[in-house]
Amino acid sequence: MLTRLLIILCLLPFAVLAQTYAVLQLAAAENVSTPLEIELDGVVEAEQQSTLSAQVSGRIEEINFDVGDQVTKGSIILRIRNNEFLARVQISRANQAAAEADLQDAQQEFSRVEGLIKNKAISQSVYDKARARLNSTEARLAASAAATKEAQEQLNNTVIRAPYGGVVLERYIELGETIQPGQNIMSGYAPEHLRVKVQVPQSLIRAVRHYRSARVLFEDDIEPVNIEKMTIFPYAETQSHS
């Protein structure tokens with residue numbers, strides 16, 4: 001079978017030449033460059049994708065989105081019971097208000113003592129005592145203000161909002177569960193900016209660096225898309241050499 005096939009292939013050009021001899025024309029040979037395209041499989045992924053996690057512990061009271069839902073930036077994704085955190089804020093604010101009142105009283109007392117010490121109407125020890133009280137109340141006010149800020153931040157963390165608009169990819173929690181700091185809540189991505197991750201053989205990377213041209217082909221009847229930007233990793237994997 002192989003010999004017969006070779007014979008047919010050899011005789012075919014002569015038969016064609018005999019039939020078209022009368023209309024055969026000659027043309028000058030020239031070099032023509034044609035682009036060489038190499039197809040590589042890639043994975044489409046979002047440039048911006050993240051997983052939200054809890055910053056405080058507590059029981060989940062509200063879940064507003066699920067897998068596949070569209071989320072706008074700033075939307076409330078989840079609420080954690082905040083009774084305990086709200087009480088801490090109120091206590092911290094009360095302590096801060098008391099510290100502010102003490103500081104105001106200490107400042108007035110120190111101003112009075114400072115005027116008397118200039119006229120040598122009081123002793124140095126009285127002045128030092130007023131000065132120490134002023135420093136102490138200033139430090140206490142700073143500590144209470146920091147405690148109020150921390151308590152308010154923890155209260156704010158009971159409401160988890162979307163950092164950007166996108167699509168929910170996966171949900172890791174259920175309503176009524178008690179979550180801990182660092183526990184994953186939801187993951188999502190922004191579909192506006194996508195990229196295709198491709199393993200390029202090391203033997204082709206020099207040509208890819210030179211021409212920096214590529215297009216994305218889809219399995220469905222969708223027109224190819226030319227890339228806008230190409231990023232080439234500066235190293236190759238040791239196993240695949242790509």
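The side chain to side chain contact (heavy atoms under 4.5 Å, CB included) search around L40 returns I38, V198, V200, P201, not counting sequence neighbours. Every residue meeting the ring pair (Phe, Tyr, Trp, His ring centres under 6.0 Å) condition with Y235, not counting sequence neighbours, appears here in chain and number order: F233. S75 pairs by the side-chain hydrogen bond (donor to acceptor under 3.5 Å, both in side chains) definition with T72, not counting sequence neighbours. Remark: R161 engages no residue in a salt bridge (charged side-chain N to carboxylate O under 4.0 Å, His left out) (not counting sequence neighbours). Applying the side chain to side chain contact (heavy atoms under 4.5 Å, CB included) rule to Q90 yields the partners L86; only residues at least two apart in sequence or on another chain are considered. Scored by the side chain to side chain contact (heavy atoms under 4.5 Å, CB included) test, R215 finds E37, L217, P224, N226 as partners (sequence neighbours excluded). Residues forming a side chain to side chain contact (heavy atoms under 4.5 Å, CB included) with D221 (at least two apart in sequence, or on another chain): none.
S136 places no side-chain N or O within 3.5 Å of a backbone atom of A132 that could act as its donor or acceptor partner. Here the side chain of D69 pairs no donor or acceptor atom with the backbone of F65 at under 3.5 angstrom. Judged by distance alone, with hydrogens and angles left aside, the side-chain atoms of R81 form no donor-acceptor pair with the main-chain N or O of I60 at under 3.5 Å.
Between T231 and R195 the shortest side-chain heavy-atom distance does not fall below 4.5 Å. Taking 4.5 Å as the limit, every side-chain heavy atom of V196 sits out of range of all side-chain heavy atoms of V43.
Residues Y164 and V71 fall into different hydrophobic clusters, defined by Ile, Leu, Val, Met, Phe, Trp and Tyr side chains chained together at heavy-atom separations under 4.5 Å. Placement of I91 and V89 in two distinct hydrophobic clusters is found when ILVMFWY residues are connected by side-chain heavy-atom separations under 4.5 Å, directly or transitively. By the rule that hydrophobic residues join a cluster once side-chain heavy atoms approach within less than 4.5 Å of another member, V44 and V168 end up as members of separate clusters.
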Just list the side-chain donor-acceptor pairs under 3.5 Å for residues 181-192, sequence neighbours left out, or say none.
| residue | atom | partner | partner atom | Å |
| --- | --- | --- | --- | --- |
| Q183 | OE1 | Q180 | N | 3.1 |
| S187 | OG | E170 | N | 3.4 |
| S187 | OG | Y172 | OH | 3.3 |

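Atom CG of L52 is separated from atom CD1 of I160 by 7.0 Å, given to the nearest 0.5 angstrom. Between the CG atom in L141 and the CG atom in L103 there is a gap of 5.5 Å [rounded to 0.5 Å]. Residue D128 holds its CG atom at 10.0 Å from CZ of R131, rounded to the nearest 0.5 Å. Separation of atoms CD (E109) and CG (L134) is listed at 10.5 Å; rounding is to 0.5 Å. Put simply, CZ on R206 and NE2 on H210 are 11.5 Å apart, with the number rounded to the nearest 0.5 Å. How far CD of E138 is from CD of Q107: 6.5 Å, rounded to the nearest 0.5 Å.
With 3.5 Å as the limit, one finds no donor-acceptor pair spanning the side chains of E114 and S111. Inspection of the E62 and N64 side chains reveals an N or O donor paired with an N or O acceptor under 3.5 Å. A donor-acceptor contact under 3.5 angstrom links the side chains of S242 and Q199, judged on distance only. Judged purely by distance below 3.5 Å, without hydrogens or angles, the side chains of Q152 and R88 never pair a donor atom with an acceptor atom. Counted by atom type alone, E153 and N157 present zero donor-acceptor pairs between their side chains at under 3.5 Å.
Connectivity analysis of hydrophobic side chains (ILVMFWY, heavy atoms under 4.5 Å, direct or indirect) links L26 to nothing; its cluster partners are none.
Within 6.0 Å of CD on E228 lie no more than 12 heavy atoms contributed by other residues, nucleotides or ligands. The number of heavy-atom neighbours closer than 6.0 Å to CD of E223, taken from other residues, nucleotides and ligands shown, is 12 or below. Residue E61 places its CD atom among more than 12 non-hydrogen atoms of other residues, nucleotides or ligands, all under 6.0 Å distant. A 6.0 Å sphere centred on CG of D41 holds no more than 12 heavy atoms belonging to other residues, nucleotides or ligands.
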- Message: Set out, in order, the CA-CA distance, both residues' side-chain angles and the distance that settles side-chain contact (heavy atoms from CB on, under 4.5 Å) for L78 and I80, then state yes or no.
- Response: CA-CA 7 Å; L78 177 145; I80 301 173; 3.5 Å; yes
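Under 4.0 Å is where a charged nitrogen must lie from a carboxylate oxygen, and between E45 and K197 no such pair does.
Residue pairs meeting the ring-ring contact (aromatic ring centres under 6.0 Å, His included) criterion with at least one partner in residues 71-129, sequence neighbours excluded, are F110-Y127. Within the structure, the salt bridge (Lys or Arg N to Asp or Glu O under 4.0 Å) test picks out no pair touching residues 176-188 (sequence neighbours left out). For residues 36-58, no residue pair satisfies the ring-ring contact (aromatic ring centres under 6.0 Å, His included) rule, not counting sequence neighbours.
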